[in-house]
Amino acid sequence: MSDALVKQRAEIMKKVIEQQRMIAEKMKKVRYKLVILSGKGGVGKSFVTASLAMALAMKGRRVAVFDADVHGPSIPKMLGVHGKRMYALPDGRLLPVEGPLGVKVVSIDFLLESEEQAVIWRGPLKTAAIRELLAYTDWGELDYLLVDLPPGTGDEQLTIAQLIPGLSGTIIVTIPSDVARIVVKKAITFAKRLNIPIVGVIENMSYFECPDGSRHYIFGKGAGRRIAEEMGVPFLGEIPIDPRISKANDEGKPFFVEYPDSSAAKAFLEIAERVIERVEGKGEGRSESQAKE
């Protein structure tokens, strides 16, 4: 191996170590770090992440969302900030985009030239991009950082687990279908093997409620709760089907803000309260940071 190559690799390692140090320092200002997982696609995980972030903000928490889905970033559109840009300060820090209810947002989507642009990267490039965004973003003081991960248990999931020190836990998103049971169990096993506490399971698209109050379980009934019981983890709640969710997402409008009186929005507020109880060990009330103000 040539001296030039040795020197080049040493410089790369030095840069990586410095970025990891920067991440550790920034994460000291974040009280709780939660990763949102799903075993498979199509369960509405990003919608759940975006809505949970706004629900936590409604509970008085300072919240940020890191969209770690490099190939299919959708958090910006779910939060109504698609098309905006992150700004770099002269010292190299990146400023998150501010979304509804003061939720801060960081996503690779903000760095793409157009929504049609594809990110064609292998694992090492994705890892480097995630590491640099975490290292150089000025997150500020936060109560919650929610990390929205792509489906599965691959590069992005391992990268986040290794880069963010002291993860507070993971939330698993599923749908009420037995087809999802096996892959959801894999996601739970993944978290357990990496010693990440499991905050609980959220079941999306649980049922459709008619105007007369009757409920129709279109995709099955109770699979999320059964999975939680079988794996010995908490069940956080059910999100009903609402046709306006798809419409709001397609239009780039945050459903939680557009329809605050909907059954789905109310369900997210209840789930947010359970998350607070599980993570903070207390019910609704001001966070420690708020109490000091």
Side-chain angles (χ1 to χ4, degrees), residues 12 15-16 18-20 22-24 26-27 30 33-53 63-88 92-99 103-139 144-165 167 170-173 183 186-187 190-191 194 196 249 252:
I12 292 173
K15 181 180 179 181
V16 169
E18 174 60 16
Q19 289 174 349
Q20 291 174 333
M22 293 169 65
I23 293 171
K26 286 180 169 58
M27 290 301 112
V30 182
K33 286 87 70 176
L34 301 177
V35 292
I36 317 298
L37 290 173
S38 69
K40 65 186 295 297
V43 301
K45 173 187 52 57
S46 293
F47 167 70
V48 169
T49 303
S51 299
L52 179 59
V63 185
V65 179
F66 178 53
D67 186 355
D69 192 340
V70 174
H71 297 293
S74 56
I75 286 294
K77 194 160 188 177
M78 302 282 182
L79 285 169
V81 292
H82 177 65
K84 294 190 176 182
R85 290 288 180 264
M86 296 174 62
Y87 291 98
R93 288 179 296 155
L94 295 172
L95 296 180
V97 171
E98 186 167 318
V103 174
K104 297 179 180 179
V105 188
V106 171
S107 173
I108 195 74
D109 180 72
F110 297 137
L111 307 179
L112 301 179
E113 294 180 359
S114 69
E115 62 181 11
E116 293 84 14
Q117 184 178 348
V119 179
I120 308 173
W121 292 347
R122 293 186 184 274
L125 280 177
K126 291 190 288 184
T127 296
I130 291 172
R131 185 176 60 245
E132 289 185 9
L133 282 173
L134 285 172
Y136 295 112
T137 296
D138 185 0
W139 301 97
Y144 285 89
L145 173 63
L146 305 186
V147 182
D148 185 56
L149 286 163
T153 53
D155 288 325
E156 292 91 336
Q157 291 80 6
L158 284 169
T159 297
I160 290 297
Q162 293 167 352
L163 284 178
I164 299 181
L167 284 173
T170 181
I171 293 173
I172 315 294
V173 181
V183 287
K186 288 181 179 180
F190 169 85
L194 292 178
I196 304 173
N249 289 341

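FYI, the numbering just counts along the sequence from 1. As the structure is a computational prediction, the values presented were derived from the model and not from experiment.
Between K84 and E98, the closest heavy-atom pair is NZ-O, 4.3 Å. The minimum heavy-atom distance between P165 and I23, with the atom names listed, is CD-CG2, 4.4 Å. The two residues I108 and D69 make their nearest non-hydrogen contact at CG2-O, 4.1 Å. What you find for A68 and P150 is that their closest heavy atoms are O-CD, 3.7 Å. Closest approach of P76 and D67 over heavy atoms only: CD-OD2, 3.5 Å. Nearest heavy-atom pair, S107 versus P73, reported as atom, atom and distance to 0.1 Å: OG-CB, 3.5 Å.
You'll find the side chain of F110 reaches within 4.5 Å of the side chain of V81, heavy atoms only. Considering only heavy atoms from C-beta on, K45 comes within 4.5 Å of T49 through its side chain. The side-chain heavy atoms of L34 and L52, taken from C-beta on, include no pair separated by under 4.5 Å. At a threshold of 4.5 Å between non-hydrogen side-chain atoms, the residues L134 and K26 do not count as touching. Residues I160 and F66 form a side-chain contact, since some pair of their non-hydrogen atoms from C-beta on lies under 4.5 Å apart. Contact check for R131 versus T159: no side-chain heavy atoms found under the 4.5 Å cut-off. Side-chain contact check for H82 versus D109: some heavy-atom pair is nearer than 4.5 Å. Counting only heavy atoms from C-beta outward, the side chains of Y144 and K33 never approach each other to under 4.5 Å.
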side-chain contact (heavy atoms from CB on, under 4.5 Å) evaluation trace for I36 with I172: CA-CA 6 Å; I36 317 298; I172 315 294; over 6 Å; no
Audit row: V97, Y87, side-chain contact (heavy atoms from CB on, under 4.5 Å) steps and yes/no: CA-CA 8 Å; V97 171; Y87 291 98; over 6 Å; no
Before you tell me yes or no, could you show the steps for M27 and I164 under side-chain contact (heavy atoms from CB on, under 4.5 Å), namely the whole-Å CA-CA distance, both residues' side-chain angles and the distance that decides it to 0.1 Å? CA-CA 7 Å; M27 290 301 112; I164 299 181; 4.0 Å; yes
Under the side-chain contact (heavy atoms from CB on, under 4.5 Å) criterion, do Y136 and R93 qualify, and how do the steps go? CA-CA 5 Å; Y136 295 112; R93 288 179 296 155; over 6 Å; no
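If you run side chain to side chain contact (heavy atoms under 4.5 Å, CB included) between L37 and each of I171, I196, D148, L149, only L149 comes through.
The distance from the CD atom of E132 to the OG1 atom of T127 is 11.0 Å, given to the nearest 0.5 Å. Going from atom CG of N249 over to atom NZ of K77 covers 9.0 Å, rounded to the nearest 0.5 Å. Expressed to the nearest 0.5 Å, how far CD of E18 lies from CD of Q20 amounts to 10.0 Å. The distance from the CD atom of Q162 to the CG atom of L167 is 11.0 Å, given to the nearest 0.5 Å. Once rounded to the nearest 0.5 Å, the distance linking CZ of R85 with CG of L111 reads 7.5 Å.
Under the rule for a side chain to side chain contact (heavy atoms under 4.5 Å, CB included), the partners of T137 that lie at least two apart in sequence or sit in another chain are M86, L94, P96, V106, W139. Legend: residues meeting side chain to side chain contact (heavy atoms under 4.5 Å, CB included) with A53, ordered by chain and number and at least two apart, are V63, V65, V103, L146.
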